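Each remark here refers to the structure printed beneath this line.
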There are 2 protein chains.
Amino acid sequence: MATIQDVAREAGVSISTVSYALSGKRSIKPSTRDRVLDAASRLGYLPHASARMLAANRSQIFAVTAPLHTDTDHSAHMVFAMEVTKAARTHGYDTLLLVDDDVSEGMRRSAASSLADGIVVLDVDAHDPRADLARSMTYPTVFIGIPADTTGLVCVDLDFEAAARLAIDTLVSAGRQRIGLVSHPLETMQRESNFPLRFRDGFAAHAAELGLEAPVAYPVEHRAHEAVAQLLAAQPDLDGLVLNTSVDVASSVTAALAEHGRSVPQDVAVIAAGVTFSTERFAVPFDTIPLDARASCSVAVDILARIVDDNLTAPETTLIPPTYITRGSVSPTGAAVTTGT
Amino acid sequence: MATIQDVAREAGVSISTVSYALSGKRSIKPSTRDRVLDAASRLGYLPHASARMLAANRSQIFAVTAPLHTDTDHSAHMVFAMEVTKAARTHGYDTLLLVDDDVSEGMRRSAASSLADGIVVLDVDAHDPRADLARSMTYPTVFIGIPADTTGLVCVDLDFEAAARLAIDTLVSAGRQRIGLVSHPLETMQRESNFPLRFRDGFAAHAAELGLEAPVAYPVEHRAHEAVAQLLAAQPDLDGLVLNTSVDVASSVTAALAEHGRSVPQDVAVIAAGVTFSTERFAVPFDTIPLDARASCSVAVDILARIVDDNLTAPETTLIPPTYITRGSVSPTGAAVTTGT
DNA sequence: CTGTTAGCGCTTTCAC
DNA sequence: GTGAAAGCGCTAACAG
């Protein structure tokens with residue numbers, strides 16, 4: 001591997017000139033700069049990562065902690081990890097994966113050894129131990145997800161409360177007043193995984209504000225069957241359904257409703273909200289308020305990069321406003337169904 | 001952050017003694033060693049990663065390339081990435097995630113800058129560009145998956161051919177001779193994703209050896225419906241079904257068969273083979289020949305660590321023998337169904 | 001605008 | 001069994 005020495009020799013300049021020509025941290029006469037750049041590319045020179053880290057006291061690496069619970073959606077996880085990685089690359093950072101049993105120890109280790117310049121925390125529970133850890137470490141850390149106590153933490157997430165409100169308001173505008181929510185399995189809720197709770201509570205709160213009774217069902221066995229039956233028992237005239245649930249459950253909702261003789265959207269309007277999957281290929285595609293991994297991750301990484309690079313302090317919590325995608329699963333009560341082109 | 005200097009001072013020894021006491025690379029009088037260890041833990045000392053990397057010319061980092069195709073199973077991906085990471089940690093390595101559009105450039109970059117000591121390649125296609133890249137780089141690289149041309153590469157994977165044979169032989173032993181295969185979507189096959197091809201070809205070859213006609217169907221829309229119909233058209237007396245397919249398809253097989261009045265395992269015995277998901281919670285759990293991420297990843301990482309640490313040359317291809325898990329979806333023709341406890 | 005040089009914090013000879 | 005010291009390849013003062 002070529003070193004900066006080789007490039008300097010090849011270009012007939014000193015190593016500091018090479019360093020500055022490549023980093024742009026001070027102005028270099030264009031002609032010498034070109035000679036350096038030439039020499040560098042001729043030799044296929046790339047700075048030795050460790051040497052640069054040591055000298056600059058910066059690793060250009062972000063650690064990502066993504067514990068794998070039995071009930072977490074690995075697929076969503078991967079997408080988040082990947083999006084964090086992509087966003088990090090645009091800022092010149094690579095990402096290190098911290099695992100499972102090792103999350104706390106891994107966070108401590110990567111901080112204490114200066115392995116990473118900052119940490120991105122994924123899949124945050126309401127009472128996530130990583131929250132206290134982050135508070136005790138004074139190490140640049142950004143949470144994607146919101147723990148119960150955000151004091152002193154930097155958090156980014158979709159505004160799930162607003163998403164729940166948007167879902168309800170959209171249904172109400174379409175004349176749907178008998179609304180139910182299919183949430184996540186009780187197992188997930190009991191773990192106090194943060195966003196299912198926030199969504200459900202936001203949903204309940206806004207329904208109460210509007211004076212709506214709005215039953216909530218927690219699916220079992222990754223199917224919508226029981227949850228839908230439960231909602232229909234509580235709300236026999238159900239005409240609006242909000243799904244903040246897994247892809248398996250969501251994809252079986254139309255069939256579950258059909259078993260009770262209800263069709264989408266004629267009888268029941270459906271909105272999937274705060275979900276990472278696409279409903280595009282469902283039998284009936286659902287209107288969606290997406291949990292956009294790219295959006296959250298890119299905002300989170302931008303913030304982290306700003307903290308590390310420009311050592312700015314960041315806002316405590318950044319909520320990403322929900323967006324709405326229409327796919328035809330919500331029509332006004334009794335209205336004719338229009339099909340897209 | 002405490003440095004090795006601090007520890008040396010605290011323990012009243014030289015820094016080289018500290019280094020050796022901690023690395024164990026030469027013998028230190030137990031009493032001084034204990035003093036050093038004490039001082040280190042008292043100060044919460046952890047070696048500065050970059051400094052160690054530079055001096056030792058080793059980053060203790062493996063890069064992991066895991067491109068995300070539109071048709072790849074993100075969930076399986078995450079599990080592999082995590083398992084690689086866990087295995088790497090047991091050897092004292094961390095893992096860096098290399099993304100998507102960036103895989104080739106990322107591999108080059110992490111090699112040229114000595115960012116990583118080795119590379120683990122996931123989700124390998126038959127004609128994966130990363131194969132040629134690896135051949136041209138002389139950088140410690142292990143493929144989890146097997147490209148068409150393995151010359152000069154180190155590859156690890158489940159023995160899919162053996163898995164296909166095992167599936168067929170098991171069905172035949174149970175008196176099932178009219179066997180079909182539900183494979184992956186044509187999109188995946190056309191991309192020449194390696195293992196679906198190897199499984200299908202192994203399946204076809206062994207069926208031919210046994211003189212069995214064995215139709216293959218490629219699902220569409222992530223459902224078993226059409227594929228099952230197709231197999232029944234080709235093989236009206238179908239009594240054995242091998243699934244090397246995605247979880248969505250597999251989970252809808254029992255229902256698809258029911259639509260044609262066939263039950264599992266009475267009419268049709270079913271084996272899921274070379275799959276990462278569990279069929280435990282299916283309506284009818286299927287016998288499974290798992291594609292065990294942990295097994296593949298741990299073998300692959302062991303090999304990579306051996307190459308890097310002990311600079312051993314590795315065997316070209318390591319095939320992991322299939323294992324069989326019984327869940328009651330295969331019973332001899334006409335036999336009574338026995339239920340597990 | 002460019003060059004010289006002092007580190008960054010470790011590992012590892014080399015000397016005792 | 002221990003210590004002194006020479007780097008590892010860069011970055012960033014400092015000096016022109």
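Nothing here was measured: the structure is a model prediction, and the numbers come from that model. Proteins come first, then strands; the chains are lettered A, B, ... in the order of their sequence lines, and each starts at number 1. Computed from heavy atoms alone, side chains included, the values below leave out hydrogens, waters and symmetry copies.
- Read 5' to 3', the first and last nucleotides of DNA chain D with an atom closer than 4.0 Å to a heavy atom of chain A are D/dG9 to D/dC14.
- Judged as a salt bridge (Lys or Arg N to Asp or Glu O under 4.0 Å), and not counting sequence neighbours, the contacts of A/Arg294 are A/Glu83.
- For residues 123-156 of chain B, no residue pair satisfies the ring-ring contact (aromatic ring centres under 6.0 Å, His included) rule, not counting sequence neighbours.
- Residues B/Ser50 and B/Thr17 both approach DNA chain C. Their nearest nucleotides, taken by heavy-atom distance, put B/Ser50 toward the 5′ side.
- Between B/Ser14 and A/Ile4, the residue whose closest nucleotide on DNA chain D is further toward the 5' end is B/Ser14.
- The closest donor-acceptor contact from the side chain of B/Gln60 to the backbone of B/Gly92 lies under 3.5 Å.
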Using residues 148-157 of chain B as the side-chain source, report each donor-acceptor pair under 3.5 Å to any protein atom, sequence neighbours left out, with the distance given to one decimal.
residue  : atom : partner  : partner atom : Å
B/Asp149 : OD1  : B/Thr151 : N            : 2.9
B/Asp149 : OD1  : B/Thr151 : OG1          : 2.3
B/Asp157 : OD2  : B/Arg198 : NH1          : 2.9

Compile the donor-acceptor pairs under 3.5 Å between side chains in residues 295-306 of chain B and protein atoms, sequence neighbours left out, one pair per line.
residue  : atom : partner  : partner atom : Å
B/Ser296 : OG   : B/Asp292 : O            : 3.4
B/Asp302 : OD1  : B/His91  : NE2          : 2.7

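- A distance-only check finds no donor-acceptor pair linking the side chain of B/Arg89 to the backbone of A/Leu98 [under 3.5 Å].
- Every residue meeting the side-chain hydrogen bond (donor to acceptor under 3.5 Å, both in side chains) condition with A/Asp117, not counting sequence neighbours, appears here in chain and number order: A/Ser59.
- Note that the first and last nucleotides of DNA chain C, 5' to 3', having any atom under 4.0 angstrom from a heavy atom of chain B are C/dG9 to C/dC14.
- Ion pairing between A/Arg109 and B/Asp94 holds under the 4.0 Å rule for side-chain N and carboxylate O.
- Taking the side chain as every heavy atom from C-beta outward, B/Val124 and B/Ile144 never approach each other to under 4.5 Å.
- Under the 4.5 Å side-chain criterion, counting only non-hydrogen atoms from C-beta, A/Met53 is not in contact with A/Arg58.
- Within 4.0 Å of A/Ser16, counting heavy atoms only, lies at least one base atom of the nucleic acid.
- Applying the salt bridge (Lys or Arg N to Asp or Glu O under 4.0 Å) rule to pairs touching residues 18-35 of chain B yields nothing, sequence neighbours excluded.
- Taking five base pairs at each end of the helix from C/dC1-D/dG16 to C/dC16-D/dG1, the local helix axes there meet at an angle of 40°, rounded to 10°.
- For A/Phe160, the ring-ring contact (aromatic ring centres under 6.0 Å, His included) partners two or more places apart in sequence, or in a different chain, are A/Phe195.
- Near DNA chain C, meaning a heavy atom under 4.0 Å from it, residues 18-39 of chain B has B/Ser19, B/Tyr20, B/Lys25, B/Arg26 in order of number.
- For residues 41-65 of chain B, the set of pairs meeting the ring-ring contact (aromatic ring centres under 6.0 Å, His included) definition, not counting sequence neighbours, comprises B/Phe62-B/Tyr93.
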